[in-house]
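The figures that follow rest on heavy atoms only: side chains count, while hydrogens, waters and symmetry mates do not. A quick note: this is a predicted structure, and the numbers were derived from the prediction, not measured. Chain identifiers are assigned alphabetically (A, B, ...) following the order of the sequence lines, protein sequences preceding nucleic acid strands; residue numbering begins at 1 within each chain.
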Amino acid sequence: KNYADICYGKHPLNGKKVMVEYSSPNTNKPLHLGHLRNNFLGWSVAEILKACGYEVYKSCIVNDRGVHICKSMIAWQLFANGATPKTNNTKGDHFVGEYYVKFNDEHKRQIAALVAIGITEKEAEKEAPIMKATQQMLQDWESGKPAVMKLWKEMNGWVYEGFEVTYKNIGSDFDKTYYESNTYLLGKEIVQLGLDKNVFYKKEDGSVWIDLTSDGLDEKLVLRKDGTSVYITQDIGLAQQKYDEYQIDESIYVIGDEQNYHMKVLKLIAQKLGVSSADAIHHLSYGMVELTTGKMKSREGTVVDADDLVEEMINTSRKHTEELGKVKDFTEEELVELYKTIGLGALKFYLLRVDPKKRMIFNPEESIDFHGFTGPFVQYTYARIKSILRKITADNKAAISTSLLKNEKEILVAAEQFPAVLMEAAKELDPSKVAVYIFNLAKTFNSFYAELSIANAESEEKKQLRIQLAMITSNILKSGMQLLGAAVPERM
RNA sequence: GGUCCGGUAGCUCAGCUGGAUAGAGCAUCAGCCUUCUAAGCUGAGGGUCAUUGGUUCGAAUCCAAUCCGGAUCACCA
């Protein structure tokens with residue numbers, strides 16, 4: 001059954017067009033744990049909205065230009081000696097990420113050298129030769145210098161190849177991908193229009209600003225004095241472009257809460273400019289993932305890499321499965337698929353089971369659990385039900401008029417809540433509502449399972465009733481997990 | 001300093017549009033596999049809901065102040 005069919009009635013906003021923007025990677029380094037939370041959240045919210053009858057578009061904005069990309073490029077020129085992901089047998093995004101790290105190492109070294117000869121740290125940061133070269137490269141990029149453009153395209157190409165592998169692996173997909181290298185130009189045009197409308201004003205040095213003090217915020221720069229755009233410039237362009245292309249009613253931005261201020265400013269600017277989609281802008285602000293050892297810092301090497309984590313989860317699921325030895329008759333392909341289903345299911349459930357708005361703490365030492373309030377728990381419940389149903393023939397025509405025992409009633413009551421839970425999750429843009437619900441449903445079923453037999457029910461009538469309950473439960477567990485981006489195995 | 005967010009069992013989190021003995025999972029302890037998959041089930045211990053004051057018949061929940069933690073206030077993205 002389609003999710004939408006499961007919902008009773010119609011969502012108040014049913015039929016509206018929504019765009020959910022998530023992922024927003026930078027092309028200078030690989031995806032990490034934070035991106036995973038973002039991806040899983042955005043994807044799941046989009047699916048939940050679809051289930052409630054919205055017309056949903058998933059979009060991704062790739063941050064493919066700017067100083068940070070130039071940093072990787074400069075470092076590659078300096079240290080790579082012509083190496084490529086192929087020659088090094090490295091995944092493209094990891095390859096480029098290594099040069100971003102190398103840039104920072106070298107930059108640090110140069111700063112130290114300058115500080116040693118009496119220059120202040122702040123000055124040294126700017127004056128370091130490698131930084132100077134980066135600034136020069138940024139200008140060359142903006143002016144379209146062929147050699148720089150060629151390298152930029154080549155290196156971004158490597159990164160995209162890497163991203164594609166990761167996205168495919170984690171099951172993330174987009175209906176539309178935007179590139180900042182395109183949207184910033186539209187942003188600049190809109191700034192010009194806003195200047196004509198006196199929404200913005202120009203300072204003596206040529207920089208362009210907007211005064212938001214009457215809204216309780218500050219003055220905000222929208223165009224540098226040299227005419228180049230800043231982060232918010234391209235976002236203004238993108239907001240307009242999304243509306244032009246899709247006429248969306250609601251535009252959801254899945255972005256970390258450290259950008260709350262930025263999103264507030266973006267919406268205000270869009271409203272003042274009279275951008276059609278201004279009021280539709282909605283920031284789904286999620287909390288950072290922190291490690292028990294503190295914040296993730298790419299420069300300090302304390303990031304949890306997305307690919308590594310996924311691989312680790314899959315390995316753990318293999319280990320558990322082998323220890324239990326229940327699927328010894330599986331083919332190699334079936335096993336690979338099962339390990340992935342369980343490993344990814346555990347990871348997605350873990351990241352989606354808590355309120356997205358709150359920051360969460362991840363302990364890399366303690367691997368993610370496979371017992372209790374977890375994805376594998378729900379998957380296991382599903383697999384057990386399927387195992388029973390395989391052995392039993394259901395009589396769909398059986399009239400069921402028997403009175404319900406306590407355990408049976410609890411399942412029915414829980415099952416009926418599913419549509420309401422979906423509505424709630426859609427309204428709050430909160431997949432954790434779904435995770436909590438399917439966990440509780442699975443738990444209710446497990447108690448029932450331990451207490452009452454289906455195959456050896458007291459009567460044929462009871463047996464048919466319980467088969468019905470098991471089928472309903474399995475359908476909901478599967479649908480719920482799918483909305484979280486997780487699959488369920490027939491056996492495990 | 002301004003603004004915003006958070007502080008609930010040892011740990012990770014629910015509950016926060018006020019309502020009965022504050023819930024889960026993990027961890028700890030005690031039970032349950034000759035009967036549908038034990039990645040499961042049953043039970044026990046563990047909380048002054050940061051602190052103080054206020055509103056109320058009633059506060060984890062609403063208000064104020066204080067303490068602690070985080071984010072942000074860039075010609076970075």
Side-chain angles (χ1 to χ4, degrees), chain A residues 24-26 28 61 63-69 71 138 180 184 203 205-209 212 216-235 255-265 285 287-288 290 292 294-295 316-317 319-321 323-327 342 345-346 349-350 353-355 357-363 366 368-392 432-433 435-436 439-440 442-443 445-457 463 466-467 470 489 491-492:
Chain A
S24 38
N26 289 293
N28 66 331
I61 171 75
N63 187 331
D64 63 345
R65 56 162 227 118
V67 207
H68 48 298
I69 279 90
K71 285 178 179 175
L138 186 60
E180 201 191 308
Y184 87 105
K203 285 194 177 173
D205 63 3
S207 56
V208 181
W209 297 73
L212 298 174
L217 304 176
D218 302 313
E219 293 184 332
K220 189 83 188 169
L221 176 106
V222 293
L223 218 54
R224 295 193 188 98
K225 65 185 171 206
D226 61 4
T228 57
S229 65
V230 288
Y231 182 41
I232 201 138
T233 319
Q234 68 89 19
D235 257 347
I255 301 178
D257 61 7
E258 82 277 12
Q259 292 193 35
N260 285 352
Y261 180 74
H262 173 260
M263 290 306 294
K264 210 167 158 185
V265 170
S285 166
M288 298 283 91
E290 276 177 48
T292 35
K295 268 186 84 172
T316 308
S317 86
K319 208 185 86 200
H320 280 265
T321 306
E323 275 170 12
L324 292 168
K326 293 179 183 178
V327 288
I342 298 173
F349 198 96
Y350 180 85
R353 71 181 195 181
V354 298
D355 185 342
K357 290 183 283 297
K358 292 191 182 174
R359 63 200 168 94
M360 66 181 296
I361 294 172
F362 177 75
N363 188 345
E366 295 169 19
I368 294 170
D369 225 297
F370 282 62
H371 302 271
F373 184 21
T374 67
F377 175 95
V378 177
Q379 291 171 326
Y380 178 67
T381 307
Y382 177 84
R384 285 213 297 197
I385 294 173
K386 293 312 254 189
S387 172
I388 297 168
L389 296 178
R390 249 179 265 123
K391 293 172 188 164
I392 285 176
S432 77
K433 298 268 191 291
V436 168
F439 167 66
N440 281 321
K443 211 163 49 148
F445 184 86
N446 284 333
S447 295
F448 161 80
Y449 179 94
E451 197 77 22
L452 303 166
S453 175
I454 295 174
N456 301 314
K463 183 174 166 183
R466 288 175 192 169
I467 290 171
R491 286 178 58 194
M492 68 184 276

State which of [options] makes the closest approach to the side chain of [X].
X	options	result
K443(A)	G25(B), A14(B), G40(B)	G25(B)
D218(A)	G25(B), G40(B), C73(B)	C73(B)
F377(A)	C41(B), C36(B), G70(B)	C41(B)
N63(A)	U37(B), G70(B), A77(B)	A77(B)
I454(A)	U37(B), C75(B), C36(B)	C36(B)
D369(A)	G6(B), C36(B), C26(B)	C26(B)
V67(A)	G70(B), C36(B), C76(B)	C76(B)

Any [X] side-chain N or O less than 4.0 Å from OP1/OP2 of [N]:
X	N	value
Y350(A)	G25(B)	no
H371(A)	G40(B)	yes
R353(A)	U12(B)	no
K433(A)	A14(B)	no
K391(A)	U37(B)	yes
S387(A)	U37(B)	yes
R224(A)	A77(B)	yes
S447(A)	U42(B)	yes

Check every strand shown and say whether [X] touches a base, only sugar-phosphate, or nothing at a heavy-atom separation below 4.0 Å.
X	value
N440(A)	nothing
Y231(A)	base
Y261(A)	sugar-phosphate
M288(A)	nothing
L452(A)	base
D205(A)	base
L324(A)	base
I342(A)	base
Q259(A)	base
V230(A)	sugar-phosphate
T374(A)	nothing

I need the [X] [atom1] to [Y] [atom2] distance, nearest 0.5 Å.
X	Y	atom1	atom2	value
L223(A)	T228(A)	CG	OG1	7.0 Å
R224(A)	D205(A)	CZ	CG	12.5 Å
F373(A)	R353(A)	CZ	CZ	5.5 Å

Counting only Watson-Crick pairs (N1-N3 plus N6-O4 or O6-N4) and G-U wobbles (N1-O2, O6-N3), all under 3.5 Å, who is the partner of [N]?
N	result
C26(B)	G10(B)
C4(B)	G70(B)
C62(B)	G54(B)
G47(B)	none

Separation between the [atom1] atoms of [N] and [M], rounded to whole Å:
N	M	atom1	answer
G40(B)	C33(B)	C1'	10 Å
C5(B)	A44(B)	P	39 Å
C41(B)	A27(B)	P	13 Å
G7(B)	G47(B)	C1'	14 Å
U56(B)	A64(B)	C1'	16 Å
G45(B)	C26(B)	C1'	15 Å
A22(B)	U61(B)	C1'	11 Å
C16(B)	G6(B)	C1'	13 Å

Whole-Å distance separating the [atom1] atom of [X] from the [atom2] atom of [N]:
X	N	atom1	atom2	value
K264(A)	G2(B)	NZ	C1'	11 Å
M360(A)	A14(B)	CE	P	9 Å
Y382(A)	C36(B)	OH	P	21 Å
F349(A)	A14(B)	CZ	P	13 Å
N26(A)	A77(B)	CG	C1'	7 Å
I232(A)	U72(B)	CD1	P	15 Å
I388(A)	U37(B)	CD1	C1'	9 Å
F445(A)	C41(B)	CZ	C1'	13 Å

Flag if over 12 foreign heavy atoms under 6.0 Å of NZ, K203(A):
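Atom NZ in K203(A) is packed in, count exceeds 12.
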Please figure out whether A455(A) or P376(A) has its closest RNA chain B nucleotide nearer the 5' end.
A455(A)
Where each residue is assigned the nucleotide of RNA chain B containing its nearest heavy atom, which of F439(A) and R65(A) is assigned the position nearer the 5′ end?
F439(A)
Can you classify the ring geometry of F370(A) versus H320(A) as parallel (below 30°), tilted (30 to 60°) or perpendicular (above 60°)?
parallel
On a heavy-atom basis, which atom in S229(A) and which in Y184(A) lie closest, and how many Å separate them?
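Closest approach of S229(A) to Y184(A): OG-CD1, 3.2 Å.
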Presence of salt bridge, D355(A) and K357(A), under 4.0 angstrom:
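Salt bridge: yes.
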Does C73(B) fall in syn (glycosidic angle within 90° of 0) or anti?
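What C73(B) shows is an anti base, its glycosidic angle lying more than 90° from 0.
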Do the side-chain N and O atoms of D369(A) and T374(A) include a donor-acceptor pair separated by under 3.5 angstrom?
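Per modelled atom types, D369(A) and T374(A) side chains form no pair under 3.5 Å.
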Name the residue from F349(A), F445(A), F377(A) that meets the ring-ring contact (aromatic ring centres under 6.0 Å, His included) definition with F439(A).
F377(A)
Going through the checks in order, is the side chain to side chain contact (heavy atoms under 4.5 Å, CB included) test met by Y231(A) and Q259(A)?
CA-CA 11 Å; Y231(A) 182 41; Q259(A) 292 193 35; 2.7 Å; yes
